[in-house]
Amino acid sequence: MGSFHLSQRQNPRFYRSKGSAVAVKREVLEVPKIPRATLKEAQAALLEYLHWTRSIPFMDAENMSKNSPHFLRNLLEKVNIVKDVRSSMARFLRYHPINEFEPFFESLGLKPWEYTPLLPRNLMFLSDDSLFFENYRVLCQFGIERNKIGRIYKKAIQVFQLESGALPLKLQAYQELGLSHSFMVKIIVCSPCVLIGDVDMKFIKVLEILRSMGFDHAWIQEHLADQDSYNWGLILRVLNIFSEMFCSNELVRLISQHPGLLFEGSGYATFSLIGFLLKFGHPIDQISSMFLQFPKIQVQQFVSNLIKCFVFFHEIEMEVDEIAKLVCSYTVLLGSCRLKKTNSLLSNLNVGKKRLCKYIQENPQELSKWVIGLRIVPLPDSGEDIESKRLKMKFLLDLGYGENPNMMNKAFKVFRGRGGELQERFDSIVNAGLDKADVSEMVTVSPQILNQSKTVIQSKIDILVNELGYPLSSLVTFPSFLSYTTQRVRLRMAMYNWLKDHKKAEPDLALSTIVACSDKIFLNQYVNHHPSGPRVWQDLKAELSMDK
């Protein structure tokens, strides 16, 4: 919104020559308060200057002097106090004119880091922009509090650029449509864009629809927030969609119980929720039913909770069709649960992803117990867990870990996976053609090689033997080969072969030398030995990334 406003006006003059608005904010917050007596004298001096020297109307000058503490604080830092603050400030202001827009904007309720981008570059005096000041006076006379006019300026700077006499006519046009004075004051503060262009017919249509349902202007006024902006076109679209989804009685009950469906973000969160559910194949009649059961929670929070649940299901590797079933069948439950982070849940529940997926599908209501603020109770061991631990213990005993209890405990943490899966992965390496004793030694040296699926292990062995041309026995001396990604291995070997063809690498380097060293060492010791090496390295990396 800020960048849009800037395009409508002259380039801004920044409040500070260096540093961001955030730095200005931090600086202002850290400055100590001005003593009360000093503040009063400074305010009096500023009032005299603004009213008597600059001819600013007394009410406005007084408002500026009393409601611009940040500006006064900065001004006092520049003044050399000789006898008293008031006379010293008056002398300073006599020879150092101020940018009047700074205390003016601050007196309208804006902080320095808010009005900094809005300061006109080539103007210092309010009288230099008579149109701006005229429209400001119209808003004041209409009854809008001065400390709220700054919000209007931020939201719709075009209101202050209206031609002379245009703003009163716009206000009159809305009042002639039957809108009360107090209601229009609220609307202008919340949604000043209604004053831009002709009468906002989408805004009027929303009022007509709500009035036909029994919601008067007082009800609307009650549910609008000064700090928010409203897109009446979007609100109208939500009303039109709801009118197709619900009968009149249902719609009235829904809006009266959950006005946030219309007004939070102008209904954008409601649109997001409907779109999210439609993507999962949620039928319209079920979406309607969900809204009628909507909990007492902000719509944006509901959508956030729902998305976090979806992310949680994805992170525990739940199947897509199972996620869709949960989202469609338990929408209200998921939207009401502010889940803890996935790693925290897995740790506190003391459970693996596979079992957790199954447990949630069978007991979805348990999700309500895993929210932020509640203590997580670990899941009890299942029969499968007990059997898995037995098989894992047997597997580790066969590897020779039983002689040392401490080593056994460490091994339980190092070897990830169920007991049956570990044995299956071990057997896949033996079945590739290696001796069982050699594989046991490999696993002892590099236990992490079993922390991947059987399919991945077989794929890496296939690359080693059939693609790179190395004998299977290479794994015995370099078992951690199975721990590296296939992309890393292919990139290193492709680069090594290129260097070897260009006589820049020895022809008989060990596989571990090529693959195991860090990228930095590989680049310095091998790739950079050829002038074209770095370029070829990047080309090979890009090619492999595209293939992936």
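Please read all numbers here as calculations on a predicted model, not as lab measurements.
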Point to revise | Partners passing salt bridge (Lys or Arg N to Asp or Glu O under 4.0 Å) against Glu317 (at least two apart in sequence or in another chain) | key: Lys353
Review point. Heavy-atom distance under 4.5 Å between the side chains of Leu306 and Leu277, does that happen here?
Key: yes
Practice item. Using a cut-off of 6.0 Å, state whether more than 12 heavy atoms not belonging to Arg146 lie near its atom CZ. Key: yes
**Study point:** Verdict with supporting geometry, Leu171 and Val138, side-chain contact (heavy atoms from CB on, under 4.5 Å)
**Key:** CA-CA 10 Å; Leu171 295 170; Val138 171; 3.9 Å; yes
Check your understanding: Salt bridge between Glu322 and Lys325, side-chain N to carboxylate O under 4.0 Å?
Key -> yes
Exercise for review: Side-chain contact test, heavy atoms from C-beta onward, threshold under 4.5 Å: evaluate it for Leu273 versus Met290 and give yes or no.
Suggested key: yes
Check your understanding: Does Asn67 reach the main-chain N or O of Asn63 with its side chain, forming a donor-acceptor pair under 3.5 Å?
Key -> yes
**Study point:** Pairwise distance CZ(Arg54) to CD(Glu100) - rounded to 0.5 angstrom
**Key:** 4.5 Å
Check your understanding: Just wondering, are more than 12 heavy atoms of other shown residues or ligands nearer than 6.0 Å to CD in Glu315?
Key -> yes
Practice item. Run the salt-bridge test on Glu62 and Lys66 with the 4.0 Å N-O cut-off and return the result as yes or no. Key: yes
**Study point:** Short side-chain to backbone donor-acceptor contact, Asn363 and Glu366, under 3.5 Å
**Key:** no
Check your understanding: Do the ring planes of Phe105 and Phe101 sit parallel (below 30°), tilted (30 to 60°) or perpendicular (above 60°)?
Key -> tilted
Point to revise | 4.5 Å side-chain heavy-atom contact, Leu75 and Leu93 | key: yes
Practice item. Would you indicate whether the side-chain heavy atoms of Leu356 and Phe312 approach each other to under 4.5 Å? Key: yes
Review point. Should we count CD of Gln141 as having more than 12 external heavy atoms under 6.0 Å?
Key: yes
Practice item. Mind telling me whether Phe104 and Phe132 have parallel, tilted or perpendicular rings, with 30° and 60° as the class edges? Key: perpendicular
Exercise for review: For residues Leu72 and Gln43, determine if any side-chain heavy atom of one lies less than 4.5 Å from a side-chain heavy atom of the other.
Suggested key: yes
**Study point:** Separation between CG of Leu292 and CD of Gln257, rounded to the nearest 0.5 Å
**Key:** 9.0 Å
Check your understanding: Would you find more than 12 non-hydrogen atoms of other residues, nucleotides or ligands less than 6.0 Å from His314 atom NE2?
Key -> no
Practice item. Might you confirm whether atom OH of Tyr359 has over 12 heavy atoms from other residues, nucleotides or ligands at distances under 6.0 Å? Key: yes
Side-chain atoms of residues 239-247: list all donor-acceptor pairs with protein atoms under 3.5 Å, sequence neighbours left out, distances to 0.1 Å.
from   : atom 1 : to     : atom 2 : distance (Å)
Asn240 : ND2    : Leu236 : O      : 3.3
Ser243 : OG     : Leu239 : O      : 3.4
Ser243 : OG     : Asn240 : O      : 2.5

Review point. Yes or no on side-chain contact (heavy atoms from CB on, under 4.5 Å) for Asn350 and Leu379, after CA distance, side-chain angles and deciding distance?
Key: CA-CA 7 Å; Asn350 192 27; Leu379 296 183; over 6 Å; no
Please list, one pair per line, the donor and acceptor atoms closer than 3.5 Å that link side chains of residues 179-198 to other protein atoms, with sequence neighbours excluded.
from   : atom 1 : to     : atom 2 : distance (Å)
Ser180 : OG     : Phe183 : N      : 3.2
His181 : NE2    : Phe142 : O      : 2.4
Lys186 : NZ     : Leu224 : O      : 3.2
Lys186 : NZ     : Asp226 : OD1    : 2.9
Ser191 : OG     : Tyr230 : O      : 3.4
Ser191 : OG     : Trp232 : NE1    : 2.9

Exercise for review: Quick one: pull up CD in Glu41 and OG1 in Thr38 and give me the separation to the nearest 0.5 Å.
Suggested key: 6.5 Å
Name every donor-acceptor pair, under 3.5 Å, that has one atom in a side chain of residues 258-265 and the other anywhere in the protein, sequence neighbours excluded.
from   : atom 1 : to     : atom 2 : distance (Å)
His258 : NE2    : Phe294 : O      : 3.1
Glu264 : OE1    : Val299 : N      : 3.1
Glu264 : OE1    : Gln300 : N      : 3.1
Glu264 : OE2    : Val299 : N      : 3.1

Point to revise | Stepwise side-chain contact (heavy atoms from CB on, under 4.5 Å) test for Ile255 and Phe215 | key: CA-CA 9 Å; Ile255 292 177; Phe215 300 106; 3.9 Å; yes
Review point. Is there a donor-acceptor pair under 3.5 Å between the side chain of Asn135 and the backbone N or O of Leu162?
Key: yes
Revision key, fill the gap. Applying salt bridge (Lys or Arg N to Asp or Glu O under 4.0 Å) to Asp200 and not counting sequence neighbours gives none
Review point. Under 4.5 Å between any side-chain heavy atoms of Ile287 and Leu278, yes or no?
Key: yes
Practice item. Determine yes or no for a side-chain-to-main-chain donor-acceptor pair under 3.5 angstrom, with Ser347 supplying the side chain and Ser344 the backbone. Key: no
Review point. Do Glu102 and Ser68 have a side chain donor and acceptor closer than 3.5 Å?
Key: no
Exercise for review: Could you tell me whether the side chains of Tyr136 and Asp60 share a donor-acceptor contact shorter than 3.5 Å?
Suggested key: yes
Point to revise | Under 3.5 Å: donor-acceptor pair, side chain of Ser256, backbone of Arg253 | key: yes
Practice item. Determine, step by step, whether Glu134 and Ser130 satisfy the side chain to side chain donor-acceptor pair (under 3.5 Å) criterion, reporting the C-alpha distance in whole Å, the side-chain angles of both residues, the deciding distance to 0.1 Å, and the verdict. Key: CA-CA 6 Å; Glu134 177 188 333; Ser130 57; over 6 Å; no
Point to revise | Separation between OG1 of Thr116 and CG of Leu110, rounded to the nearest 0.5 Å | key: 10.0 Å
Practice item. Would you check, one step at a time, whether the test side-chain contact (heavy atoms from CB on, under 4.5 Å) holds for Val456 with Thr486? Key: CA-CA 10 Å; Val456 171; Thr486 56; over 6 Å; no
Review point. Do Leu50 and Phe58 touch side chain to side chain, with heavy atoms closer than 4.5 Å?
Key: no
Point to revise | Counterpart residues, salt bridge (Lys or Arg N to Asp or Glu O under 4.0 Å), relative to Asp84 (two or more places apart) | key: none
**Study point:** Atom NZ of Lys111 with >12 non-hydrogen neighbours under 6.0 angstrom
**Key:** no
Revision key, fill the gap. The reported gap from CG in Leu251 to CZ in Phe291 (rounded to nearest 0.5 angstrom) is 11.5 Å
Practice item. Count the heavy atoms of every other residue, nucleotide or ligand shown that sit under 6.0 Å from NZ of Lys279, and state whether that count exceeds 12. Key: no
Check your understanding: Do the side chain of Lys340 and the main chain of Leu374 share a donor and acceptor less than 3.5 angstrom apart?
Key -> yes
**Study point:** Straight-line distance of Cys337 SG to Ile372 CD1, nearest 0.5 Å
**Key:** 11.0 Å
Check your understanding: Would you say the side-chain atoms of His51 pair up with the backbone N or O of Ala61, donor to acceptor, closer than 3.5 Å?
Key -> no
Review point. Side-chain contact, heavy-atom cut-off 4.5 Å: Leu131 with Phe160?
Key: no
